[in-house]
Amino acid sequence: MSVRCTAPVHGHRSASARANCPACRSGSRSYTSYTRPSYRAPAPQYRGSGAGSSSGGSRRRSAGGLLYTVAEDRTLAPVRQAVERQAESYPAQSYPNRYDLFLCHAWGDRQGAAKELNDLLVALDVKVWFSEVAVKLGTSLVREIDRGLSKSRAGIVLVTPELFTSLNAQGIADKELSALLATDLVIPVAHGTTFEALRDVSPLLAARSGLSTESSSLEEVAAKIAETVDLDD
């Protein structure tokens with residue numbers, strides 16, 4: 001019958017402690033299990049998903065039940081941190097006119113995909129600056145966009161074939177994108193296209209990866225964005 005040593009796996013702290021141990025001094029040492037205490041927050045746990053390269057290859061489930069890929073976490077985490085910092089600097093009760101998100105989109109999507117995404121986010125209690133709603137008749141579009149950008153905590157870029165046309169023509173969306181790319185507050189959303197196609201038009205935006213309706217519905221994309229900017233959890 002072996003005598004158990006109660007020291008951690010790395011041994012006794014001193015020679016005298018080892019000499020007083022009935023197991024170690026006899027040379028027949030066996031160990032009880034020992035685990036060093038850890039105080040680091042657990043890392044996200046991912047599981048295989050079988051998704052394509054745009055999905056990041058694996059997913060984690062959030063507290064809200066949404067599945068996030070590694071690439072999505074990489075895009076959304078800095079936005080979340082920035083939103084939290086801004087909320088401290090500009091509390092809602094003191095700055096009621098601030099927006100959670102600025103929606104950058106092509107003019108051709110204003111009654112289609114952009115409106116659908118805006119409506120989904122608004123239904124999730126996200127305050128969105130959307131030109132079709134925020135810009136009133138008779139006001140300067142460029143000036144209102146400038147105000148909207150300054151009052152928004154983060155931005156979404158709805159990446160569609162229509163956006164490619166707008167960027168190539170250096171339209172209004174091109175100016176909005178330039179302002180958003182100067183920050184870490186942009187969430188690209190590929191809809192009806194891919195990030196691979198985006199690289200030919202805007203390598204800087206494509207490098208950020210983001211969310212895509214290629215592997216998720218627009219409803220799921222909106223829910224992930226809402227969870228990112230929601231500060232009530």
Side-chain angles (χ1 to χ4, degrees), residues 38-89 99-105 113-114 116-118 120-129 152-160 163 176-177 179-199 201-233:
S38 175
Y39 302 99
R40 183 179 300 174
Q45 297 298 310
Y46 295 90
R47 65 175 179 83
S49 66
S53 59
S54 63
S55 70
S58 56
R59 297 172 181 262
R60 71 162 177 87
R61 188 178 297 277
S62 73
L66 296 171
L67 290 174
Y68 289 81
T69 67
V70 177
E72 289 170 344
D73 270 339
R74 187 166 54 245
T75 297
L76 296 176
V79 175
R80 173 69 182 192
Q81 293 166 3
V83 166
E84 290 174 342
R85 289 195 299 269
Q86 288 199 39
E88 293 178 358
S89 301
Y99 294 89
D100 296 312
L101 294 167
F102 180 98
L103 176 52
C104 171
H105 62 89
E116 183 180 357
L117 180 56
N118 171 76
L120 288 168
L121 290 167
V122 170
L124 294 169
D125 295 326
V126 178
K127 193 172 182 181
V128 184
W129 192 97
S152 300
R153 292 194 172 101
I156 311 169
V157 180
L158 182 61
V159 181
T160 66
L163 183 73
E176 295 174 351
L177 178 59
L180 291 171
L181 283 175
T183 73
D184 288 326
L185 305 175
V186 56
I187 304 172
V189 176
H191 182 60
T193 187
T194 64
F195 284 101
E196 286 75 13
L198 177 61
R199 289 189 183 94
V201 181
S202 177
L204 286 175
L205 183 62
R208 297 171 185 249
S209 190
L211 306 176
S212 173
T213 58
E214 186 179 23
S215 55
S216 301
S217 67
L218 196 60
E219 290 82 1
E220 290 173 324
V221 167
K224 290 176 182 179
I225 295 172
E227 191 172 74
T228 299
V229 300
D230 178 19
L231 300 177
D232 294 330
D233 54 2

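Starting from 1, each residue takes its place in the sequence as its number. None of these values were measured; they are calculated from a predicted model.
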Chemist: Measure across Pro188 and Thr75 and return the closest heavy-atom pair with its distance rounded to 0.1 Å.
Modeler: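 Scanning both residues completely, I find the closest heavy atoms to be CD-CG2, 4.0 Å.
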
Chemist: Of all the heavy-atom pairs spanning Ala154 and Val79, show the shortest one and how long it is.
Modeler: CB-CG1, 3.8 Å

Chemist: What I'd like to find out is whether the side chain of Thr69 reaches to under 4.5 Å of the side chain of Glu72, using heavy atoms alone.
Modeler: yes

Chemist: Residues in side chain to side chain contact (heavy atoms under 4.5 Å, CB included) with Ala197, at least two apart?
Modeler: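 If we apply the side chain to side chain contact (heavy atoms under 4.5 Å, CB included) test to Ala197, skipping adjacent residues, the hits are Phe164, Thr193, Thr194.
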
Chemist: Of Val189, Leu163, Ile187, which meets side chain to side chain contact (heavy atoms under 4.5 Å, CB included) against Val157?
Modeler: Leu163

Chemist: Quick one about His191 and Thr213 (side-chain donor to acceptor, distance below 3.5 Å, no hydrogens or angles considered), yes or no?
Modeler: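 Their side chains do contain a donor-acceptor pair, which is all the 3.5 Å distance test asks for.
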
Chemist: Do you know which two heavy atoms are closest between Gly155 and Leu101, and how far apart they sit?
Modeler: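 Scanning both residues, the minimum pair turns out to be N-CD2, 4.4 Å.
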
Chemist: Taking all heavy atoms of Leu177 and all of Ser202, pick out the closest pair and write down the distance.
Modeler: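 That would be CD2-OG, 4.0 Å.
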
Chemist: If I take atom CD1 from residue Ile156 and atom CG from residue Leu103, how far apart are they, to the nearest 0.5 angstrom?
Modeler: 5.5 Å

Chemist: Please examine the side chains of Arg153 and Leu185, heavy atoms only from C-beta on, and report whether any two atoms are closer than 4.5 Å.
Modeler: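 With C-beta onward as the side chain, the pair stays apart.
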
Chemist: Which distance, rounded to the nearest 0.5 Å, do you find between the CD of Glu116 and the CG of Leu158?
Modeler: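 Interatomic distance, Glu116 CD to Leu158 CG, rounded to 0.5 Å: 9.5 Å.
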
Chemist: Which atom names give the shortest non-hydrogen contact between Gln86 and Ser152, and what distance separates them?
Modeler: OE1-O, 4.2 Å

Chemist: Nearest 0.5 Å please: distance from the NE2 atom of His105 over to the CG atom of Leu117.
Modeler: 10.0 Å

Chemist: CZ of Arg208 to CG of Leu180: how many Å apart, nearest 0.5 Å?
Modeler: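 Between Arg208 CZ and Leu180 CG, I get 9.0 Å after rounding to 0.5 Å.
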
Chemist: Which pair of non-hydrogen atoms, one from Leu76 and one from Tyr68, has the smallest distance, and what is that distance?
Modeler: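 Distance-wise, the nearest heavy atoms are CD1-CE2, 3.5 Å.
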
Chemist: How about Ile225 and Leu211: do any of their side-chain heavy atoms sit closer than 4.5 Å?
Modeler: yes

Chemist: I'd like to know if Asp100 pairs up with Lys127 as an ion pair, taking the criterion as any Lys NZ or Arg NE/NH1/NH2 lying under 4.0 Å from an Asp or Glu carboxylate oxygen.
Modeler: no

Chemist: Please report the interatomic distance CZ(Phe102) to CD(Glu176), rounded to the nearest 0.5 Å.
Modeler: 4.0 Å

Chemist: Using salt bridge (Lys or Arg N to Asp or Glu O under 4.0 Å) as the criterion, list what pairs up with Glu220, not counting sequence neighbours.
Modeler: none

Chemist: Would you say that Glu88 contacts Glu84 through its side chain, given a criterion of any heavy-atom pair below 4.5 Å between the two side chains?
Modeler: no

